[in-house]
Enquirer: 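Dropping a structure here in structure tokens format, bear with me for questions.
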Amino acid sequence: VALLGWLLGLLLKRTATIPFGPWLALGLLLALWCSRPAQHIAETYRDNVVDLFTAHPGALPVAIGLMLVVTAAAMALARLARRWLVPDSS
């Protein structure tokens, strides 16, 4: 997938270098999409989530709130780790 992206970039004359992460993620998603066990796991997860929110509609706002709190905590932790790992240039 990354090779196709690189070739497309060459044809469009954008740049010779491409970021690896997005193409790696896209390749992973394609590999999971083509994998029967991964499809089964994803379908089971989707069905369980739908069943949960159908049986307990109040769980949706709680899940959204938890995602927001965990996202904020991850951002704060990343900033703290950056302060510890990257020396201050001033």
Side-chain angles (χ1 to χ4, degrees):
V1 174
L3 180 62
L4 292 175
W6 177 72
L7 290 172
L8 183 63
L10 283 178
L11 292 174
L12 298 175
K13 301 287 184 193
R14 299 283 177 171
T15 181
T17 60
I18 59 169
F20 184 61
W23 296 105
L24 183 64
L26 184 59
L28 173 69
L29 289 176
L30 287 173
L32 288 176
W33 183 265
C34 295
S35 169
R36 296 271 184 227
Q39 286 177 343
H40 178 68
I41 291 169
E43 289 171 357
T44 303
Y45 179 75
R46 182 198 63 214
D47 293 343
N48 288 338
V49 168
V50 168
D51 290 344
L52 170 69
F53 292 138
T54 302
H56 304 287
L60 184 59
V62 172
I64 292 171
L66 282 173
M67 283 187 246
L68 290 173
V69 169
V70 169
T71 300
M75 291 171 63
L77 186 61
R79 287 183 181 172
L80 184 61
R82 185 174 184 181
R83 285 186 189 166
W84 284 343
L85 297 175
V86 177
D88 191 15
S89 61
S90 59

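Computed over heavy atoms, backbone and side chain alike; hydrogens, waters and symmetry mates excluded.
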Enquirer: Please report, to 0.1 Å, the donor-acceptor pairs under 3.5 Å made by any side chain of residues 51-72, with sequence neighbours excluded.
Expert:
unit_1 : atom_1 : unit_2 : atom_2 : d
T54    : OG1    : V50    : O      : 2.7
T71    : OG1    : M67    : O      : 2.7

Enquirer: Please report the interatomic distance NE2(H40) to CZ(R36), rounded to the nearest 0.5 Å.
Expert: 12.5 Å
Enquirer: How many angstroms lie between OG in S35 and CG in L30, if you round to the nearest 0.5 Å?
Expert: 12.5 Å
